[in-house]
Amino acid sequence: MPPTPTHCPYCALQCGMFVDAEAMITPREDVPANAGGALCQKGWTAGELLSAPDRVTAPLMRAHRDAPFERVSWEAALDRITAEVGRVQDRHGRDAVAVFGGGGLTNEKAYQLGKFARVALRTANIDYNGRFCMSSAAAAQNRAFGLDRGLPVPVTDVPEAGAILLAGGNVAETMPPFVRHLAAQRERGGRLIVVDPRETPTARLADLHLQLTPGTDLALANGLLHLAMTEGLIDEAYLARRVSGLEAVRTVVNAYWPERVERITGVPVPRLREAVRLLGTAARALILTARGAEQHATGTDTVTAFVNLALGLGLPGRPGSGFGCLTGQGNGQGGREHGQKADQLPGYRRIDDPAARRHVARVWGVRPEDLPGPGLSAAELLGALGTEDGPRALLVFGSNPVVSAPDSARVEKRLDALEFLAVADFVPSETAMRADVVLPTAQWAEETGTVTNLEGRVLLRRAARPRPAGVRDDLEIIAALAERLKAPGRFSTEPSEVFEELRAASAGGIADYSGITYERIVAETGVFWPCPGEGHPGTPRVFLDRFATPDGRARMVPVEHRGPVERPCADYPLHLTTGRVLAHYQSGAQTRRVRALVDAVPEAFVELHPDLAGRLGVDDGATVRVTSRRGSAVAKVRVCATIRRDTVFMPFHWAGAARANLLTNPALDPISRMPEFKVCAVRVDAVDQDRGTGSRG
Ligand SMILES: Nc1nc2c(c(=O)[nH]1)N[C@H]1C(S)=C(S)[C@@H](COP(=O)(O)OP(=O)(O)OC[C@H]3O[C@@H](n4cnc5c(=O)[nH]c(N)nc54)[C@H](O)[C@@H]3O)O[C@H]1N2
Ligand SMILES: Nc1nc2c(c(=O)[nH]1)N[C@H]1C(S)=C(S)[C@@H](COP(=O)(O)OP(=O)(O)OC[C@H]3O[C@@H](n4cnc5c(=O)[nH]c(N)nc54)[C@H](O)[C@@H]3O)O[C@H]1N2
Ligand code: SF4
Ligand SMILES: [Mo]
């Protein structure tokens, strides 16, 4: 059998790859995202997880949380879930059963899960881990442009940009093949500006590194717009024609003079000037944000400040230019469009919009008045589990919040307070191991479905291998539960049939997929949404003629710097920021089971500046305890001069006592409901291995 062309199971770049019958992986060269056939180490080794020794291959069940799991039949597991759902809903109402999804699910699964929650469970409470991901960028783009797509242009436009500003993204580790597009840009004389408190491998590629204090991006962006205005780099004609709200923004950014911005951000004035000059004089320029700028309690306003800068320079809607966000998960884009969000119906429709409810109810064969309203957002949903008014039962598909949610010790308590927890996963994740029932699901190479990558390009993943005996895929699980719950309408287990229904449900919505077919995706190597008809070419570049707002103009919104919720103080004198390393993915549930990746980075660590390490009297490899107002985590020291003296960094890929999320602040952005993953106040104590005590810093 020839190898099957498909895409990577991990990040939003969705590199093209071939998978053969032995699960060997080789790169495809026809997919623009990884043109030339690059893959990162995670992609190359993705096949190993298919035969992970501890892969779940039979449903697991236990009578109560302290009992050991037993392997049971699918009938027994599904019957138990149905009975528990019925019992909880009879006693506490429909919303007492909640669903938690993931941005790694294909479009078909995300769509079906949203439909299942609204039609089979009839609960308002479904949300997903994308709230922890790019939701602030989504909220800011919706507010400014009326539409939220990761990149406004295909990756093939990236090399054409004269200047790129990347705020809070470390693509050299999080999307390594993307660096090729940046390298091509450099070769053509383009310049790269990176905004990051750490001198990351990405920052080292840049012409200009703005090494700001964590949580000060908003002031930086306002300061850059201030300079663009005072230095005559503003595109007045474009603003007059295409944008509203300039005057209010001008008033606010007036107060962000360079010296003040240097004081807030720690970035020297000459660097601010250089950044604005590069951006403002390039014929084509891109301003991009990623999690570093977005995962803050002021994330939506921070991204808005960068959008304002882009609009001031006249970039959005100009060929090869614009504002964009680098989405994160494999289907981070599509996963947020088709209804697994608490406030949303398929096609990026609002669940509180009567016309949207009528349209989707018709496709689903139910009455609009039978659809629930908006439910709790991810962090609030997790926080309410097992409380008096909160959900009493939870079904999880595609997330591992015990490791990845903020203040995760509290999340463990909330999960343990549930009357019932079921998790569908292919590995015994930390969250699955707290459940009453675990349902073994198929993996990416064993099933077919579409994903929408960071460019807004809809791609087809194809089954390349049979799944192990005993395993079902998510669509089969959802269909079997829907049938037991006597749900109206149809829950197909055929991905292509689910996609046909998704096309109809999304038709006329913002994320309109009605013109996209599996055949077209294959023939055209992906189709860009919006694509409102089979004769429509798709939309590789957005906003060329108008923005997706009612009057077609983009909206500038004035925003003020407020800074992080927690500032360093006497007890917690350092900033903690968190993020990723190349070898591991997210909660680590997948990559901590791949040998080469474990060998590459075997355990959690905390980056300390040499001065700080010296003050603490710790060397590279020593063990330290990092403590915030929420709790403590223990990790090995990595001494590096690439981090600011006032900041420490921990990746969040490890479980147990090494969890960065034991420390993080669950404070939420008021608009996107994004937690403040990227900054909280901590202290670091050297752990004397013998006595468990040590010095403080
Ligand atoms: N190897 C790997 N790749 C991944 C993933 C993974 O887990 N591992 N996950 C995927 C997913 S879901 C996502 S969302 C993306 C995330 O991709 P990125 O956003 O690139 O990843 P992060 O490491 O979370 O954050 C990026 C940078 O933000 C910086 N930062 C921290 N605080 C601040 C701040 O206040 N301001 C600014 N400007 N920068 C700050 C950090 O130092 C870090 O270098 O990666 C995707 N790709
Ligand atoms: N401190 C800190 N915390 C963070 C972040 C940070 O930067 N700092 N980043 C946040 C971000 S951006 C994200 S996206 C989240 C991600 O965090 P999580 O939501 O925990 O993401 P994963 O680790 O990818 O978890 C996915 C789980 O679902 C399983 N899975 C994968 N695919 C499927 C599927 O198709 N079906 C089913 N049923 N299961 C599947 C995997 O085996 C795994 O156990 O973490 C957030 N947490
Ligand atoms: S960059 Fe992302 S999509 Fe590409 S191989 Fe690595 S993890 Fe997979
Ligand atoms: Mo993410």
Side-chain angles (χ1 to χ4, degrees), residues 74-75 77-79 81-82 85-86 89 94 97 99 101 105-126 128 331 334-335 337-341 344-349 351 355-372 395 397-398 422 424 439 441-442 446-451 458 460-463 467 471-509 511-519 521 534:
W74 275 96
E75 293 302 304
L78 295 169
D79 284 347
I81 296 175
T82 315
V85 163
Q89 289 194 323
R94 293 198 182 104
V97 175
V99 179
L105 303 178
T106 60
N107 289 315
E108 291 78 358
K109 296 181 193 186
Y111 167 83
Q112 198 82 321
L113 198 61
K115 176 178 171 181
F116 172 77
R118 274 59 174 253
V119 167
L121 298 172
R122 294 184 64 187
T123 178
N125 286 323
I126 170 166
Y128 82 124
N331 195 26
E337 299 166 357
H338 298 297
Q340 62 173 329
K341 273 179 79 187
Q344 191 196 60
L345 290 172
Y348 226 125
R349 291 183 153 92
I351 201 165
R357 294 170 69 88
R358 277 197 302 278
H359 174 84
V360 174
R362 194 165 341 110
V363 175
W364 287 350
V366 297
R367 297 180 309 173
E369 56 272 29
D370 290 341
L371 295 176
L395 313 180
F397 285 79
L439 301 175
T441 59
E446 301 157 354
E447 58 189 7
T448 293
T450 61
V451 290
V458 185
L460 184 65
R461 282 201 201 143
R462 267 172 288 209
R467 63 187 71 145
V471 162
R472 296 192 182 178
D473 67 34
D474 293 308
L475 291 180
E476 290 169 344
I477 294 171
I478 294 170
L481 287 172
E483 190 190 334
R484 280 175 165 71
L485 292 164
K486 303 195 172 35
R490 184 167 146 67
F491 283 83
S492 174
T493 57
E494 237 353 281
S496 58
E497 286 177 9
V498 178
F499 191 74
E500 288 305 306
E501 199 183 299
L502 181 159
R503 290 175 62 193
S506 77
D512 191 329
Y513 281 43
S514 60
I516 305 176
T517 63
Y518 280 15
E519 293 70 30
I521 294 173
E534 286 194 37

Can you tell me how far OH of Y513 sits from CZ of R503, rounded to the nearest 0.5 angstrom? 13.0 Å
Using atom types as modelled, flag every donor-acceptor pair under 3.5 Å from a side chain in residues 359-367 to any protein atom, sequence neighbours excluded.
unit_1, atom_1, unit_2, atom_2, d
H359, NE2, A504, O, 2.9
H359, NE2, A505, O, 3.2
W364, NE1, Y111, OH, 2.9
R367, NE, D370, OD2, 3.0
R367, NH2, D370, OD1, 3.0
R367, NH2, D370, OD2, 3.3

Take E534 and T517 through the side chain to side chain contact (heavy atoms under 4.5 Å, CB included) test and state the conclusion after the steps. CA-CA 8 Å; E534 286 194 37; T517 63; 4.0 Å; yes
T441 side chain to D474 backbone, donor-acceptor under 3.5 Å: no
Between T493 and E476, the two heavy atoms sitting closest are CG2-CA, 3.8 Å
Applying side-chain hydrogen bond (donor to acceptor under 3.5 Å, both in side chains), name anything that partners T450, two or more places apart in sequence or on another chain. N107, E108
If you measure from CH2 on W74 to CG on L439, what distance do you get to the nearest 0.5 Å? 5.0 Å
Can you list the residues that meet the side-chain contact (heavy atoms from CB on, under 4.5 Å) rule with A442, with sequence neighbours excluded? E446, E447, R467, V471, D473
Residues two or more places apart in sequence or in another chain: which of them pass side-chain contact (heavy atoms from CB on, under 4.5 Å) with A422? I81, L395, F420, V437
State the OG1-CD distance between T123 and Q89, to the nearest 0.5 angstrom. 7.0 Å
The criterion is salt bridge (Lys or Arg N to Asp or Glu O under 4.0 Å); which residues satisfy it with E483, sequence neighbours excluded? none
Rounded distance (nearest 0.5 Å) linking atom CG of L502 with atom CD1 of I516: 9.0 Å
Under the ring-ring contact (aromatic ring centres under 6.0 Å, His included) test, residues paired with F116 that sit two or more places apart: none
Looking only at heavy atoms, what is the nearest atom pair of G101 and L113, with distance? CA-CD2, 3.8 Å
Contacts of E497 that satisfy side-chain contact (heavy atoms from CB on, under 4.5 Å) - sequence neighbours left out: R490, S492, E494
Main chain of P372, side chain of R357: is a donor-acceptor contact present, judged purely on distance under 3.5 Å? yes
Roughly how far, to the nearest 0.5 Å, is CG of L78 from CG of L485? 10.0 Å
Between CZ of R122 and CG of L371, what distance do you get to the nearest 0.5 Å? 8.5 Å
Can you list everything that forms a side-chain hydrogen bond (donor to acceptor under 3.5 Å, both in side chains) with E75? Sequence neighbours excluded, please. R484
So, the side chain of Q344 versus the backbone of R349: is there a donor-acceptor pair under 3.5 Å, distance only? no
What do the steps show when you test Y128 against L105 for side chain to side chain contact (heavy atoms under 4.5 Å, CB included), and what is the final call? CA-CA 10 Å; Y128 82 124; L105 303 178; over 6 Å; no
Donor-acceptor contact below 3.5 Å, side chain S506 vs main chain G509: no
Could you report the tightest heavy-atom contact between A110 and G335, atom names first, then the distance? CB-CA, 4.4 Å
With sequence neighbours excluded, tell me which residues meet side-chain hydrogen bond (donor to acceptor under 3.5 Å, both in side chains) with R118. none
Report the residues that fulfil side-chain hydrogen bond (donor to acceptor under 3.5 Å, both in side chains) with S514, sequence neighbours left out, ordered by chain and then residue number. D512
Hits for side-chain contact (heavy atoms from CB on, under 4.5 Å) against R358, two or more places apart or cross-chain, chain-then-number order -> P354, A355, P368
For F491, which residues count as a ring-ring contact (aromatic ring centres under 6.0 Å, His included) partner, sequence neighbours excluded? none
